[in-house]
Amino acid sequence: MNPFFKKLLAPRHIEYLSVDGNLIILETSRLVRLFADRPEEVYPGKDVRAGFPELIGSEEVLRAVISGEKASFELKGIARFAEENKPFYIDLYISHHQNEVTLEPLLLILFEDVTENMVLKQALVQRANEASLLVSALASSQDYINKIITSMADALLVTTSSGQIKTINLAAQNLFGYSETELLGKPISLLIKSHQFIEEIGQQLPCLNGSELLRNREVICSKKNGEKFLVDFSCSCIQNDLVENRDFVYIGRDITERKRAEAETAKALEKQKELNQMRANFISMTSHEFRTPLTIILTSVELLENFYETTEKHQLKVKQYFKMIENAIRQMTDMLDEVLLLSKAEAGRLTFNPSLLNVKKFCEEIVGEMQFSKSKKHSLNFSCPPETIFGWLDEKLVRQIVVNLLSNAIKYSPQGGVVRFDLHKEEDQVIFEIEDQGIGILDEDQERLFESFYRGQNVEHIAGTGLGLSIVKSSVDLHGGEITMRSEVGKGTIFKVILPLRRNTAQQ
Ligand code: ADP
């Protein structure tokens, strides 16, 4: 339908007037003056432009409408101000019509009060503006929240109350090794391997209010590659806006590394405690070890006093007591030497002074000394190749190695035991192999024997300080060599030491 007629038919406040070709008012409706800018000018015989100045400048168009060249003309949203300066709005519809009698072409001007429409439109525009402002504010705050979630270092997961993953941030993707699409819609049990924890979450979270959290739950999780690791989760429950339902929020942090560090610290503490205990044992043991030779010295000296006026007959006895004193003093000196050496080694002050050593000759001498001093209850069998072996070794340290290993082999063997000492050369290395048929070393003790003060659990009453092997190890290390051991409880032990014979640059 023609919009003009549409307007006509609608039940609205419409007034009119008709004007001739010179725009002179011929006829007006009763209330048309209400819509005029200057109502006093709106009377038949007056120029219509005086009362409605908005028509000034539209004469061309109006002439075209009156001549029938143009069907109609509209002016919309003209503002007028009534009492109290309240605005109202009118639309003008101008069309051609004819004097029924004279057939003179005329213009019919309709005025419609569109205030209600305009106010409505303005309110709508304002609402639309407000809504678009709100939408952009929402979008930017959503964007802001997304940025926070994305840049969070902690893993964030949101699931439905039934455990289906709804949201996952970048940190969580990196932590678990899955992409976002691989996880959305999947059950949380894909990542969290503790069913007990998932059940606990399902039961406890809905009972918490918004600000409450289940904190610091350590849970075993699984990465995409199957690797298991520990995650510390804090969980809360949030109201879902769309439905009467709640979502679960999980914030997690990989604590495998932290746990490992804690375990290491605990282990180090435990070791420190053990070391303290071993030091305490050592002190009580050394005081005992010192007391025995001192008692021997004291008794021997007392006895010697009795033989002051020594006779031929007592000569042998006197000799025996002197020997006992000598042995006791040597025993104490050895022990003090060991302690001194170890303290030097621990302080990193054990020096390495290599010189060209005839290793074979040197070992033969040591074996000779030991054969002389050891009790006759063991046999010490030394074997070596016919040719001489020369090497850049530290004489003092090699003595520590050989003497300690040989005396241990003797000490931890039963009476009548055979100790085998084999010396040979392989390329640029000299190899010392010392084997006994003694008590052997328990598996659980083997890896700790080189620690200072550590003694095997099966030593029973056999005296010792737990320092010898620690000194041996430091001496071997200073040479850039290697020490290994094989042992079977009740059958015997073999220690093998390999030392480089050539002077290398690290030894200068
Ligand atoms: P210790 O003074 O106790 O002999 P070491 O450091 O020389 O100290 O040796 C440490 C521990 O290693 C010994 O207490 C003993 O348990 C074990 N051990 C060393 N050598 C032997 C061996 N040949 N046979 C059996 N046990 C041995």
Side-chain angles (χ1 to χ4, degrees), residues 271 274-275 277-293 330-346 350 366-367 370 373-375 377-382 397-423 432-478 482-497:
K271 211 158 186 194
E274 258 180 50
L275 197 67
Q277 184 56 46
M278 286 198 283
R279 276 183 206 276
N281 292 348
F282 172 74
I283 290 167
S284 74
M285 186 270 305
T286 35
S287 51
H288 172 77
E289 291 297 307
F290 270 92
R291 197 166 294 130
T292 318
R330 185 166 294 136
Q331 203 179 328
M332 287 194 297
T333 318
D334 285 353
M335 208 165 355
L336 280 175
D337 279 351
E338 275 194 344
V339 176
L340 202 68
L341 255 171
L342 185 85
S343 74
K344 270 190 178 174
E346 282 190 345
L350 197 59
I366 296 178
V367 170
M370 295 202 70
S373 65
K374 76 175 174 55
S375 67
K377 291 166 195 153
H378 298 88
S379 36
L380 178 51
N381 299 341
F382 178 57
L397 299 182
V398 175
R399 173 174 282 277
Q400 287 299 334
I401 297 170
V402 177
V403 169
N404 271 305
L405 292 180
L406 281 178
S407 38
N408 275 352
I410 294 166
K411 188 162 71 172
Y412 297 109
S413 295
Q415 293 189 8
V418 178
V419 172
R420 181 181 66 81
F421 176 16
D422 177 61
L423 178 80
F432 306 78
E433 244 181 33
I434 292 161
E435 181 178 2
D436 64 58
Q437 298 161 341
I439 60 171
I441 302 165
L442 291 159
D443 283 350
E444 60 262 41
D445 287 333
Q446 290 190 8
E447 61 188 46
R448 301 198 55 194
L449 289 185
F450 298 106
E451 291 173 23
S452 34
F453 307 118
Y454 193 87
R455 304 204 68 215
Q457 298 165 56
N458 58 339
V459 294
E460 294 179 358
H461 59 276
I462 306 172
T465 56
L467 297 179
L469 284 184
S470 171
I471 291 167
V472 170
K473 177 82 169 77
S474 303
S475 307
V476 172
D477 288 347
L478 280 168
E482 194 183 306
I483 179 163
T484 52
M485 172 251 299
R486 271 185 296 131
S487 185
E488 213 178 312
V489 175
K491 293 223 164 129
T493 306
I494 306 180
F495 278 94
K496 182 174 177 182
V497 171

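Numbering of ligands and ligand atoms starts at 1, following listing order. Please read all numbers here as calculations on a predicted model, not as lab measurements.
- The closest approach between V459 and ligand 1 falls below 4.0 Å for a heavy atom of the residue.
- At a threshold of 4.5 Å between non-hydrogen side-chain atoms, the residues K473 and I483 count as touching.
- Atom 5 (P) of ligand 1 has as its closest protein heavy atom L469 N, 3.5 Å.
- Side chain of S475 to backbone of V398: no donor-acceptor contact under 3.5 angstrom is found.
- Considering only non-hydrogen atoms, atom 8 (O) of ligand 1 lies nearest to G466 out of S413, G466, A409, G464.
- Here is the list of ligand 1 atoms found below 4.0 Å of a heavy atom in F495: 20 (N).
- Given atom 2 (O) of ligand 1, the protein heavy atom at minimum distance is T465 N, 2.7 Å.
- For G438, the heavy-atom gap to ligand 1 stays at 4.0 angstrom or more.
- Looking from atom 3 (O) of ligand 1 to the surrounding protein, the closest heavy atom is R455 NE, 2.5 Å.
- Interface of L467 with ligand 1, defined as ligand atoms under 4.0 Å from a residue heavy atom, comprises 6 (O), 8 (O).
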**Message:** Using salt bridge (Lys or Arg N to Asp or Glu O under 4.0 Å), reason through E451 and R448 one step at a time and then give a plain yes or no.
**Reply:** CA-CA 6 Å; E451 291 173 23; R448 301 198 55 194; 2.8 Å; yes
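- Residue K411 places a heavy atom under 4.0 Å from ligand 1.
- The aromatic rings of F450 and F495 stand perpendicular to each other, their planes meeting at an angle above 60°, with 30° marking the opposite boundary.
- Residues passing the side-chain contact (heavy atoms from CB on, under 4.5 Å) test with N381, sequence neighbours excluded: S379, V418.
- Of all protein heavy atoms, the one closest to atom 26 (N) of ligand 1 is I441 CG1, 3.3 Å.
- With a 4.5 Å cut-off on side-chain heavy atoms, M485 and K496 do not count as touching.
- The closest non-hydrogen atom to atom 23 (N) of ligand 1, taken over D436, L442, I494, comes from D436.
- Atom CG in N404 sits 9.0 Å away from atom CG in L467 (nearest 0.5 Å).
- Atom 12 (O) of ligand 1 has as its closest protein heavy atom L449 CD2, 3.3 Å.
- Scanning the protein heavy atoms around atom 19 (C) of ligand 1, the nearest turns out to be N408 ND2, 3.5 Å.
- Scanning all protein heavy atoms for the shortest distance to atom 16 (O) of ligand 1 gives G456 N, 2.8 Å.
- Among Y412, Y454, F450, the residue whose heavy atom lies closest to atom 21 (C) of ligand 1 is Y412.
- Using a 4.5 Å heavy-atom cutoff, the side chains of V419 and E435 are not in contact.
- S470 contributes no side-chain N or O that, together with a main-chain N or O of G466, makes up a donor-acceptor pair within less than 3.5 Å.
- In this structure, D445 contributes its side chain and I441 its backbone to no donor-acceptor pair below 3.5 Å.
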